[in-house]
Amino acid sequence: MTDPCPDALVALAHRLADAAGAVARRHFRTPIAADTKSNHTPVTIADREAEQAMRAILAAERPQDGILGEEHGTAGLDREYVWVLDPIDGTKSFMTGRPLFGTLIGLMRGGRPVLGVVDHPALGERWVGGAGHPTALNGRPARVRPCADAADAILSATTPDMFAGADAAAFRRVSAACKYTLYGSDCYAYSQLASGFIDLVVERDLGTWDWAALVPVVEAAGGVMTDWQGRPLALGSPGEVVAAGDPALHRRALELLAG
């Protein structure tokens with residue numbers, strides 16, 4: 001059994017989210033330029049400043065910890081605790097004034113996720129969960145819903161464009177088996193899964209910063225989140241994820257993905 005995440009680190013994660021959220025709200029729905037990174041995804045001054053704000057707090061209070069950040073690189077990935085930071089997950093949503101973007105703050109211990117914060121600054125909604133800390137939305141318990149049958153399930157993915165070749169065929173099998181398929185929610189889909197409004201999320205081509213905060217939130221809400229082979233997600237995992245509120249639905253999704 002994983003030891004509970006210390007309360008002091010949970011409180012620190014809240015402070016990181018507060019700092020990043022203040023930056024995001026200051027820039028949200030204002031004229032803002034975007035650069036294109038080498039992976040063809042956009043980045044703005046809000047992404048960079050929000051991560052810098054979180055790193056400054058960690059440098060002052062947890063200099064012994066490692067950091068893996070989307071915008072400003074990595075350091076100390078071999079340390080006991082590693083903070084995984086995605087300052088604005090859903091930059092395209094942010095740039096276009098859609099409020100579904102989020103700040104993702106994950107904490108890994110020994111390479112495994114033990115705490116997650118999924119903060120949606122424009123909506124004023126924050127999910128927090130992890131080892132010893134049942135998932136809560138703004139302090140109130142959040143829980144997945146039972147949905148064992150794919151035919152009753154609502155599936156979400158950020159975009160169908162993330163699937164190609166055999167992966168696209170695998171996703172189509174899952175989508176065809178589900179009741180509805182939604183696109184365009186970014187990390188908000190996982191938040192809604194943790195609160196019992198969505199049943200399944202299947203995605204690929206994610207960076208560690210995209211999923212590290214989501215795993216503890218989903219699992220501490222009673223859900224399951226793995227890679228496409230059903231293996232636990234950890235540092236070095238491929239960027240393919242399956243998150244489900246119901247273990248039976250998770251098993252069925254893995255079967256469909258495998259063909």
Contact between Val241 and Val202 at the side-chain level, heavy atoms closer than 4.5 Å - yes or no?
no
Quick one: sort the Phe101 and Phe28 rings into parallel, tilted or perpendicular, breaks at 30° and 60°.
tilted
CE on Met162 to CG on Leu206, rounded to 0.5 Å:
5.5 Å
Check step by step if side-chain contact (heavy atoms from CB on, under 4.5 Å) holds for Asp35 and Arg48.
CA-CA 11 Å; Asp35 298 323; Arg48 296 186 176 111; 3.3 Å; yes
I'd like to know if Asp246 and Arg252 make a salt bridge, using a cut-off of under 4.0 Å between side-chain N and carboxylate O.
no
Quick check on the hydrophobic clustering: are Met225 and Tyr188 connected, directly or via other members, by side-chain heavy-atom contacts under 4.5 Å?
yes
With the 4.5 Å side-chain cut-off for hydrophobic clustering, are Val43 and Phe94 part of the same group?
no
Identify whether Val128 and Leu193 are in the same connected component of the hydrophobic contact network (ILVMFWY, side-chain heavy atoms under 4.5 Å).
no
Please give me the minimum heavy-atom distance between Asp210 and Leu104, naming the atom from each residue.
O-CD1, 3.5 Å
Grab the two heavy atoms, one from Val201 and one from Ala189, that are nearest each other, plus how far apart they are.
CG2-CB, 4.1 Å
Looking at Asp227 and Arg204, is there a salt bridge between them, counting it only when a charged N and a carboxylate O are closer than 4.0 Å?
no
Would you name the heavy atoms of Gly196 and Arg145 that are closest together and state the gap between them?
O-CD, 2.9 Å
Side chains of Val218 and Val224, heavy atoms from C-beta outward: is any pair under 4.5 Å?
no
Find out whether Glu240 and Glu203 are in side-chain contact, i.e. whether some heavy atom of one side chain is under 4.5 Å from a heavy atom of the other.
no
Regarding Arg55 and Glu51, does a basic nitrogen lie under 4.0 Å from an acidic carboxylate oxygen?
yes
Does any N or O in the side chain of Arg98 come within less than 3.5 Å of the main-chain N or O of Gly184, such that one atom is a donor and the other an acceptor?
yes
side-chain contact (heavy atoms from CB on, under 4.5 Å), that's the test. Do Arg173 and Leu257 meet it? Break it down for me.
CA-CA 7 Å; Arg173 288 193 295 271; Leu257 287 169; 5.5 Å; no
Working to the nearest 0.5 angstrom, can you tell me the gap between Leu100 CG and Lys92 NZ?
14.5 Å
Residue pair Val117 / Val217: nearest heavy atoms and the distance that separates them
N-CG2, 4.4 Å
Is the ring pair Phe163/Phe171 parallel, tilted or perpendicular, if the boundaries are 30 and 60 degrees?
parallel
Are Asp199 and Leu155 close enough that some pair of their side-chain heavy atoms sits under 4.5 Å apart?
no
Check for me, please, whether Val23 and Ile45 land in the same ILVMFWY cluster - side-chain distances under 4.5 Å, paths through other members count.
no
I'd like to know if the side chain of Asp89 reaches the main chain of Thr103, judged simply by a donor and an acceptor atom lying under 3.5 Å from each other, with no hydrogens or angles considered.
no
Side chains of Arg15 and Ile57: does their closest heavy-atom pair fall under 4.5 Å?
yes
Looking at Cys5, is its backbone amide N or carbonyl O close enough to the side chain of His133 to form a donor-acceptor pair, meaning the two atoms are under 3.5 Å apart?
yes
Would you call Glu49 and Thr44 a side-chain contact if the rule is heavy atoms closer than 4.5 Å?
no
Let me confirm one number: the CD-OG1 distance from Glu70 to Thr91, rounded to the nearest 0.5 Å.
6.5 Å
What I'd like to find out is whether the side chain of Gln192 reaches to under 4.5 Å of the side chain of Ser185, using heavy atoms alone.
no
Looking only at the side chains, is there a donor atom on one of Ser195 and Trp127 sitting less than 3.5 Å from an acceptor on the other?
yes
Out of Ser93, Ser191, Ser156, which one pairs with Asp186 under the side-chain hydrogen bond (donor to acceptor under 3.5 Å, both in side chains) rule?
Ser93
From CG (Leu254) to OG1 (Thr226), nearest 0.5 Å:
5.0 Å
Listing, residues 80-88 side-chain donor-acceptor contacts under 3.5 Å, not counting sequence neighbours, or none:
from  : atom 1 : to     : atom 2 : distance (Å)
Glu80 : OE2    : Arg109 : NE     : 2.7
Glu80 : OE2    : Arg109 : NH2    : 2.7
Trp83 : NE1    : Asp65  : OD2    : 2.9

Once rounded to the nearest 0.5 Å, what's the spacing between atom SG of Cys147 and atom CD1 of Ile198?
12.0 Å
Specify the closest pair of heavy atoms between Arg143 and Ala221, including all atoms of both residues, with the distance to one decimal.
CD-O, 3.2 Å
Would you call Arg126 and Asp119 a salt bridge, taking side-chain N to carboxylate O under 4.0 Å as the test?
yes
Around Phe197, counting heavy atoms of other residues, nucleotides and ligands shown, do more than 12 lie under 6.0 Å from its CZ?
no
Could you tell me if the side chain of Leu200 sits less than 4.5 Å from the side chain of Cys178, heavy atoms only?
yes
At their closest point, which heavy atom of Ala24 faces which heavy atom of Pro121, and how far apart are they?
CB-CG, 4.2 Å
Same hydrophobic cluster for Leu68 and Leu58, using side-chain heavy-atom links shorter than 4.5 Å among ILVMFWY?
no
Just verifying a value: how many Å separate His250 NE2 and Glu255 CD, rounded to the nearest 0.5 Å?
11.0 Å
